[in-house]
Amino acid sequence: MNRAETSESPLRPRDLEEAAARLSEQADRLRSQLARTEEAASALRADCDLDAGDSGAKAMTLRELRTRAEADEALLVRTAAALDRLRAGSFGICTRCGRPQGRERSLALPHTELCVVCAEEREAGPGG
């Protein structure tokens, strides 16, 4: 067992309740943001272009909206997966190596699926 595993206390029932509340709130907020983004994109697509400048500005704004929506959708998927892990009893366990993520990490980033070691390995890439 490494030092991080032995020094961090396990998640308590109150921690799990807090994480569930935060994740549910985050999922609701993301769904709401996605709906607003889609409404904005629809309104923008329906608006007529008066000249080439309007067309270029519209295209740029649509790209920005799509980028924002993609990021929100990815976070919503991770949030829903974390809620599933909460219900399954595996919240706070790294999905890659199976070690505890640690109480502080699980509460600070409740949607995360990896422990610090696995997250750093993934960021480092294949070459290390």
Side-chain angles (χ1 to χ4, degrees):
M1 218 183 266
N2 68 30
R3 202 180 91 166
E5 288 180 70
T6 59
S7 67
E8 295 182 80
S9 61
L11 292 167
R12 298 182 289 266
R14 176 92 171 118
D15 296 333
L16 296 174
E17 291 171 12
E18 178 186 329
R22 286 183 58 207
L23 287 164
S24 293
E25 181 180 305
Q26 180 169 297
D28 291 344
R29 182 180 47 77
L30 288 165
R31 285 185 195 101
S32 181
Q33 280 178 208
L34 284 165
R36 284 192 308 271
T37 299
E38 180 53 38
E39 288 172 11
S42 292
L44 193 58
R45 284 190 291 270
D47 195 19
C48 65
D49 297 338
L50 297 177
D51 58 30
D54 288 343
S55 183
K58 180 193 282 190
M60 182 184 301
T61 302
L62 284 170
R63 275 193 303 275
E64 290 170 3
L65 288 171
R66 186 173 39 252
T67 299
R68 186 179 319 145
E70 288 170 357
D72 287 347
E73 286 170 355
L75 183 54
L76 181 57
V77 166
R78 290 175 36 215
T79 301
L83 284 166
D84 288 344
R85 287 192 302 277
L86 257 168
R87 287 187 281 274
S90 60
F91 180 79
I93 304 297
C94 179
T95 59
R96 185 173 176 196
C97 71
R99 292 186 301 243
Q101 292 176 345
R103 181 175 181 270
E104 295 302 319
R105 180 171 177 79
S106 295
L107 294 178
L109 301 168
H111 57 272
T112 194
E113 60 186 31
L114 300 177
C115 67
V116 172
V117 173
C118 289
E120 287 173 351
E121 287 175 0
R122 183 167 72 181
E123 287 177 17

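Below, all heavy atoms of this structure are taken into account, side chains as well, without hydrogens, waters or symmetry copies. All of these numbers come straight from a predicted model, not from anything done at the bench.
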State, yes or no, whether a side-chain contact exists between [X] and [Y] at a heavy-atom distance under 4.5 Å.
{"X": "L62", "Y": "K58", "answer": "yes"}
{"X": "E120", "Y": "L114", "answer": "no"}
{"X": "L34", "Y": "R31", "answer": "no"}
{"X": "C115", "Y": "P100", "answer": "no"}

Original post:
Is the shortest side-chain N to carboxylate O distance from D15 to R103 below 4.0 Å?
Top reply: yes

Subject >> Residues E121 and R96 bridged, charged N to O under 4.0 Å >> reply: yes

**OP:** Measure across R85 and P110 and return the closest heavy-atom pair with its distance rounded to 0.1 Å.
**Re:**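 Taking R85 first and P110 second, the nearest heavy atoms are NH2-O, 4.5 Å.
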
Subject >> Heavy-atom pair of closest approach, residues S106 and G92 >> reply: OG-CA, 3.4 Å

Original post:
Out of curiosity, H111 NE2 to L83 CG, how far, rounded to the nearest 0.5 Å?
Top reply: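 These two atoms lie 12.0 Å from each other.
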
**OP:** Taking side-chain contact (heavy atoms from CB on, under 4.5 Å) as the test, write out the residues that go with L16, two or more places apart.
**Re:** L11, L86, F91

Return all side-chain donor-acceptor pairs below 3.5 angstrom for residues 39-46, not counting sequence neighbours, or 'none' if the list is empty.
from	atom 1	to	atom 2	distance (Å)
S42	OG	E38	O	3.1
S42	OG	E38	OE2	3.1
R45	NH2	E38	OE2	3.1

Side-chain atoms of residues 18-26: list all donor-acceptor pairs with protein atoms under 3.5 Å, sequence neighbours left out, distances to 0.1 Å.
from	atom 1	to	atom 2	distance (Å)
R22	NH1	L107	O	2.2
S24	OG	A20	O	3.0
Q26	NE2	T79	OG1	2.7

Original post:
Between the side chains of S32 and R36, does any donor sit under 3.5 Å from an acceptor?
Top reply: yes

Original post:
Taking atom CZ of R29 as the centre, does the number of heavy atoms from other residues, nucleotides or ligands within less than 6.0 Å exceed 12?
Top reply: yes

Original post:
If you count the non-hydrogen atoms of other residues, nucleotides and ligands that lie under 6.0 Å from CZ in R14, is the total more than 12?
Top reply: no

